[in-house]
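See structure below.
By convention in this document, chain letters (A, B, ...) are assigned in the order of the sequence lines, proteins followed by strands, and residues within each chain are numbered from 1. Fair warning: this is a prediction, and the values are worked out from it, not measured in the lab.
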There are 2 protein chains.
Amino acid sequence: MNCPEHPHGHSHHAAGAGGRAALPELADQLRRKARKLTGARQAIFEILRRQLHPLSNKEIFAELPKGDCDLATVYRSLHLLEEMRMVKRFDLGDGIARYELLAEGDDGHHHHLVCTRCTAVIEIEECFPRELEQNIATRNGFTAITHKLEFFGICPRCQ
Amino acid sequence: MNCPEHPHGHSHHAAGAGGRAALPELADQLRRKARKLTGARQAIFEILRRQLHPLSNKEIFAELPKGDCDLATVYRSLHLLEEMRMVKRFDLGDGIARYELLAEGDDGHHHHLVCTRCTAVIEIEECFPRELEQNIATRNGFTAITHKLEFFGICPRCQ
DNA sequence: ACCGTGAATGCAAATCGTTTGCAATTAGCC
DNA sequence: GGCTAATTGCAAACGATTTGCATTCACGGT
Ligand SMILES: [Mn+2]
Ligand SMILES: [Mn+2]
Ligand SMILES: [Zn+2]
Ligand SMILES: [Zn+2]
């Protein structure tokens, strides 16, 4: 791990829910903002916790025990989780929002490799070189610079 | 210019329409595919030709002499131009398709720096390092790999 | 210049992901 | 248990984009 954007060096790609926040943290964060720990939120949280790759609202909704909650509630829950910095939103090129649960203190910045045939997703450690990015910022007088970066190709199974 | 994805080294960022295709080429390409050179297509083409930065369908539509053509026609024209590889589509982070006219033979691969406050756009020469990308492809057994990359920050005027 | 024909267009309706208004329900605190 | 703000379901609204269809048009051949 030498991605310049991950100075703390935690890998957010451990299998399963390794490193990801657990229920108690969700409860904490919610209480702190006077928000309620509802069944829907717990269920959504647990689904994200099991996932290694970003999930769309619809995918999360599909995982939910049917009738458990409305799709609109899924959207609202993810907005809340994002605002609480417990999930990070990604766009894997199709304009559909997808979310990944974050480990506490991790800003979640990272990238993906997506198969354009089967939509398989692979987590990527590499990041755009920090000093190149700094050049860009300096040369143009920009501050608070960051980037979105996703890779596309054809996976072994689809070739 | 040393972007690994631009081996021919033409700058597609020259001011004005420098390097960009001209009308006759549009006419050629169209004839070659038995498509018609209509007023709407010429007008749209000319608007893109004057532009240094990517334009959305709505922006193009707004530039068009009012009543000149329907918004649906703008969408259809850009699909056609894209299929003819005369424009390249970008997504600058807001999920809205934007298009830039290409120079002949240029695949148009490049990136932008976008101000998150005023949406100003700057053309960027840097590209994700080729050998890093190759590592990613090889390690995961992917072929035909490419990437989408856009930078975001706060421009000098907005700071 | 005139025709025939497939291509292109305007218009309105449809699509898709997402958001929102509102009345009914519920979690958290006393 | 009761109060109250937060949350939810539901349906309608949204904005970007696409599409069906009847009409119009560009252009190669006459
Ligand atoms: Mn990821
Ligand atoms: Mn550009
Ligand atoms: Zn990065
Ligand atoms: Zn690049």
Side-chain angles (χ1 to χ4, degrees), chain A residues 23-45 47 54-84 86-99 119, chain B residues 23-24 26-47 54-84 86-99 119:
Chain A
L23 298 315
E25 196 192 331
L26 174 62
D28 271 9
Q29 299 277 331
L30 286 172
R31 195 168 314 113
R32 213 165 308 188
K33 307 191 69 172
R35 319 303 292 273
K36 298 174 180 175
L37 179 60
T38 67
R41 286 172 184 172
Q42 290 181 57
I44 291 169
F45 186 84
I47 288 168
L55 285 185
S56 69
N57 287 279
K58 201 181 289 187
E59 287 166 342
I60 293 169
F61 183 61
E63 293 275 324
L64 242 25
K66 47 186 160 298
D68 206 0
C69 87
D70 193 80
L71 180 56
T73 298
V74 175
Y75 276 97
R76 288 191 270 232
S77 296
L78 284 162
H79 285 323
L80 177 60
L81 288 169
E82 188 179 18
E83 162 188 323
M84 298 194 311
M86 297 191 69
V87 298
K88 184 164 178 75
R89 193 214 315 251
F90 292 92
D91 176 355
L92 268 34
D94 57 3
I96 298 176
R98 290 164 196 275
Y99 298 88
T119 70
Chain B
L23 297 314
L26 175 62
D28 270 10
Q29 299 277 329
L30 286 172
R31 196 168 314 114
R32 210 164 306 180
K33 306 191 70 173
R35 319 301 292 273
K36 297 174 179 174
L37 179 60
T38 67
R41 285 172 185 172
Q42 290 181 59
I44 291 168
F45 186 84
E46 278 307 313
I47 287 168
L55 284 185
S56 69
N57 286 281
K58 200 181 291 187
E59 287 167 342
I60 293 168
F61 182 61
E63 293 276 322
L64 243 24
K66 45 186 161 298
D68 206 0
C69 89
D70 192 80
L71 179 56
T73 298
V74 176
Y75 277 97
R76 289 191 270 232
S77 296
L78 285 162
H79 286 322
L80 176 60
L81 288 170
E82 187 179 17
E83 163 189 325
M84 298 193 312
M86 298 191 69
V87 299
K88 185 165 178 75
R89 192 213 316 252
F90 292 92
D91 176 355
L92 268 34
D94 57 3
I96 298 175
R98 290 163 195 278
Y99 299 87
T119 70

| Considering residues at least two apart in sequence or located in another chain, which fulfil the ring pair (Phe, Tyr, Trp, His ring centres under 6.0 Å) criterion with A/Phe61? |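 Ring pair (Phe, Tyr, Trp, His ring centres under 6.0 Å) check on A/Phe61 returns nothing, list empty.
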| request: Using the test ring pair (Phe, Tyr, Trp, His ring centres under 6.0 Å), find all partners of B/Phe90 that sit at least two apart in sequence or belong to another chain. | output: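 With neighbours one apart ignored, the set is B/His110, B/His112.
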| message | A side-chain contact here means heavy atoms from C-beta on lying under 4.5 Å apart; do A/Asp91 and B/Asp91 qualify? | response |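 The answer is yes, as the side chains (C-beta and beyond) meet within the 4.5 Å cut-off.
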Could you tell me the separation between the [atom1] atom of [X] and the [atom2] atom of [N], rounded to a whole number of Å?
X: B/Leu71; N: C/dT9; atom1: CG; atom2: C1'; value: 13 Å
X: A/Leu78; N: D/dT8; atom1: CG; atom2: P; value: 12 Å
X: A/Ile44; N: D/dT7; atom1: CD1; atom2: P; value: 12 Å
X: A/Arg98; N: C/dG17; atom1: CZ; atom2: C1'; value: 12 Å
X: B/Leu81; N: C/dA8; atom1: CG; atom2: C1'; value: 14 Å
X: A/Leu80; N: C/dT18; atom1: CG; atom2: P; value: 17 Å
X: A/Glu82; N: C/dT18; atom1: CD; atom2: P; value: 12 Å
X: B/His79; N: D/dA16; atom1: NE2; atom2: C1'; value: 11 Å

Every protein N/O within reach of nucleotides 12-15 of chain C N/O, cut-off under 3.5 Å:
none

| Base versus backbone protein contacts along nucleotides 24-30 of chain D [heavy-atom cut-off under 4.0 Å; B, S, -] | -BBS---
| query | Does the D/dG20 base have a donor-acceptor partner in the side chain of B/Arg76 within less than 3.5 Å? | reply |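 Yes, the side chain and the base share a sub-3.5 Å donor-acceptor pair.
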| task | Could you identify which residues of residues 55-63 of chain A place a heavy atom less than 4.0 Å from some atom of DNA chain C, listed by residue number, or say none? | result |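 The answer is A/Asn57, A/Lys58.
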Rounded to the nearest 0.5 Å, how far apart are [atom1] of [X] and [atom2] of [Y]?
X: A/Leu64; Y: A/Lys66; atom1: CG; atom2: NZ; value: 11.0 Å
X: A/Arg41; Y: A/Leu80; atom1: CZ; atom2: CG; value: 5.0 Å
X: B/Ile47; Y: B/Tyr99; atom1: CD1; atom2: OH; value: 15.0 Å
X: A/Leu78; Y: A/Asn57; atom1: CG; atom2: CG; value: 5.0 Å

All N/O donor-acceptor pairs, side-chain side in residues 23-35 of chain A, below 3.5 Å, sequence neighbours left out:
unit_1, atom_1, unit_2, atom_2, d
A/Lys33, NZ, A/Glu83, OE2, 3.3

| message | Given a 3.5 Å cut-off on both pairing distances, which stems involving DNA chain D, each at least three consecutive Watson-Crick or G-U pairs, are present, if any? | response |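 Stem segments, range with range: C:1-30 with D:1-30.
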| request: Sorted by first residue and then second, give each side-chain hydrogen bond (donor to acceptor under 3.5 Å, both in side chains) pair with at least one member in residues 71-82 of chain B; sequence neighbours left out. | output: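 Found B/Glu82-B/Arg89.
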| said: Given C/dG17, C/dT20, D/dA16, identify the nucleotide with an atom nearest to the side chain of B/Tyr75. | reply: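 Per side-chain heavy atoms of B/Tyr75, the pick is D/dA16.
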| A/Asp68 near the nucleic acid: base, sugar-phosphate alone, or nothing, with a heavy-atom cut-off under 4.0 Å? |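 Sugar-phosphate, no base atom in range.
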| request: Check salt bridge (charged side-chain N to carboxylate O under 4.0 Å, His left out) between A/Glu59 and all other residues, then give those that pass, not counting sequence neighbours. | output: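 Salt bridge (charged side-chain N to carboxylate O under 4.0 Å, His left out) check on A/Glu59 returns A/Arg98.
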